[in-house]
Protein chains: 2
Amino acid sequence: MHTLSKNQRIIFDIIDKSPEPMKAYSILFNVQKKGIKAPLQVYRALDKLVEIGKIHKIESRNAFIACQNSSCQVSKATAFSICESCEKVTEINNSSLSKYLSNFKDKAGMKYSKYNLEFFGLCKKCTTK
Amino acid sequence: MHTLSKNQRIIFDIIDKSPEPMKAYSILFNVQKKGIKAPLQVYRALDKLVEIGKIHKIESRNAFIACQNSSCQVSKATAFSICESCEKVTEINNSSLSKYLSNFKDKAGMKYSKYNLEFFGLCKKCTTK
DNA sequence: AATTTAAATGTTATAATATAACACTATGTA
DNA sequence: TACATAGTGTTATATTATAACATTTAAATT
Ligand SMILES: [Zn+2]
Ligand SMILES: [Zn+2]
Ligand SMILES: [Zn+2]
Ligand SMILES: [Zn+2]
């Protein structure tokens, strides 16, 4: 089990507590009182946290979310649902989906080691509005 | 059928001719001789071209690729394979995959109108190296 | 054809996201 | 201790993207 460094812990905690994905400079702003003053300190911690699967990057939003899926130790197979109205993001944990995608083979004979899927739409709350 | 404006045409053509996804500022550099001088001119054309499905954005790379899939009029369901070694990107056109994903329903009852999937791995060429 | 509306353009400035380079410190291992 | 690896602090800079405003072009409506 990986033990987080000081900066990694600070930055993971703030992302983990956040109800929504956080952007790097919003994280920076929020951790300045804890002595983290430069973008690079944030990005280095983010890189590591992504690498070990504690957080994921929502590529379409340039934002980071804590892994909601305890089995997801490494960020190899990620899927998210994103509400285009309220921007709520949820990590999808569906074994049928992950099985289907992990076994997917294309014609070109490419061997995949990783995927990222982002669904967009309206969440239940925003649909009924 | 949508007819492209002058800037949209110039920018689509350069992306369409490119063997690899192009980044916005690389596009800008390449079209300056055609009178397009500012980032905004590029981004506005890119936005429109994405909207009408002539190009797609590869989110993990902040780069743009021409749609390889004539049936893909609108960018509602996109899938790509990305080689992490040579950065070759291919649009996946697989009806089983698109059917599976278009019909996917999550537990939260969210209705999806769009998805984007990016597979990562090594292409055939890079595997045998 | 004249009027109106919507879409696209040109331009300057600036915001937001991310990395390079270098010196230094902490931690684990032989 | 000596060595290797990972993490930190700092300054500067690169890259990606949008705001705001004036103007022009194209398309739709009368
Ligand atoms: Zn996860
Ligand atoms: Zn919502
Ligand atoms: Zn397409
Ligand atoms: Zn390759």
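As the structure is a computational prediction, the values presented were derived from the model and not from experiment. Chain A is the first sequence line, chain B the second, and so forth, proteins listed ahead of strands; every chain is numbered from 1.
If you check distances only, the side chain of A:Y25 does reach the base of C:dA18 with a donor-acceptor pair under 3.5 Å.
Between the P atom of C:dA8 and the CG atom of B:L46 lies a distance of 14 Å, rounded to the nearest Å. Here C:dT25 presents its P atom at 14 Å from NZ of A:K6, a figure rounded to the nearest Å.
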Legend entry - salt bridge (Lys or Arg N to Asp or Glu O under 4.0 Å) assessment of A:R61 paired with A:E87: CA-CA 9 Å; A:R61 300 298 187 261; A:E87 292 292 324; 2.6 Å; yes
Legend entry - Intermediate values then yes/no, salt bridge (Lys or Arg N to Asp or Glu O under 4.0 Å), B:K17 and B:D13: CA-CA 6 Å; B:K17 275 185 302 192; B:D13 284 346; over 6 Å; no
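Near DNA chain D, meaning a heavy atom under 4.0 Å away, the residues from residues 8-22 of chain A are A:Q8. DNA chain C lies under 4.0 Å from at least one heavy atom of each of the following residues of residues 32-44 of chain B: B:K37, B:A38, B:L40, B:Q41, B:R44.
A:I82 and A:L122 are members of different hydrophobic clusters when ILVMFWY side chains are connected at heavy-atom separations under 4.5 Å. The hydrophobic cluster containing B:V50 also contains B:I10, counting ILVMFWY residues as joined when their side-chain heavy atoms lie under 4.5 angstrom apart, directly or transitively.
Looking at B:E59, its side chain never comes within 3.5 Å of a backbone N or O of B:K57 through a donor-acceptor pair. Counting only distance, with no hydrogens or angles, the side chain of A:Y100 and the backbone of B:L101 share no donor-acceptor pair below 3.5 Å. Distance alone, capped at 3.5 Å, is enough to place a donor-acceptor pair between the B:Q8 side chain and the B:S5 backbone.
Along DNA chain D, read 5' to 3', the first and last nucleotides having any atom under 4.0 Å from a heavy atom of chain A are D:dG7 to D:dT11.
OP1 or OP2 of C:dT17 has at least one side-chain nitrogen or oxygen of A:K23 nearer than 4.0 Å. Distances shown here put every side-chain N or O of A:N62 at or beyond 4.0 Å from the OP1 or OP2 atom of C:dA16.
A donor-acceptor contact under 3.5 angstrom links the side chains of A:E118 and A:S60, judged on distance only.
Aromatic ring pairs are classed by plane angle as parallel below 30°, tilted from 30° to 60° and perpendicular above 60°; the pair A:F119 and B:Y115 is perpendicular.
More than 12 heavy-atom neighbours from other residues, nucleotides or ligands sit within 6.0 angstrom of NZ on A:K105.
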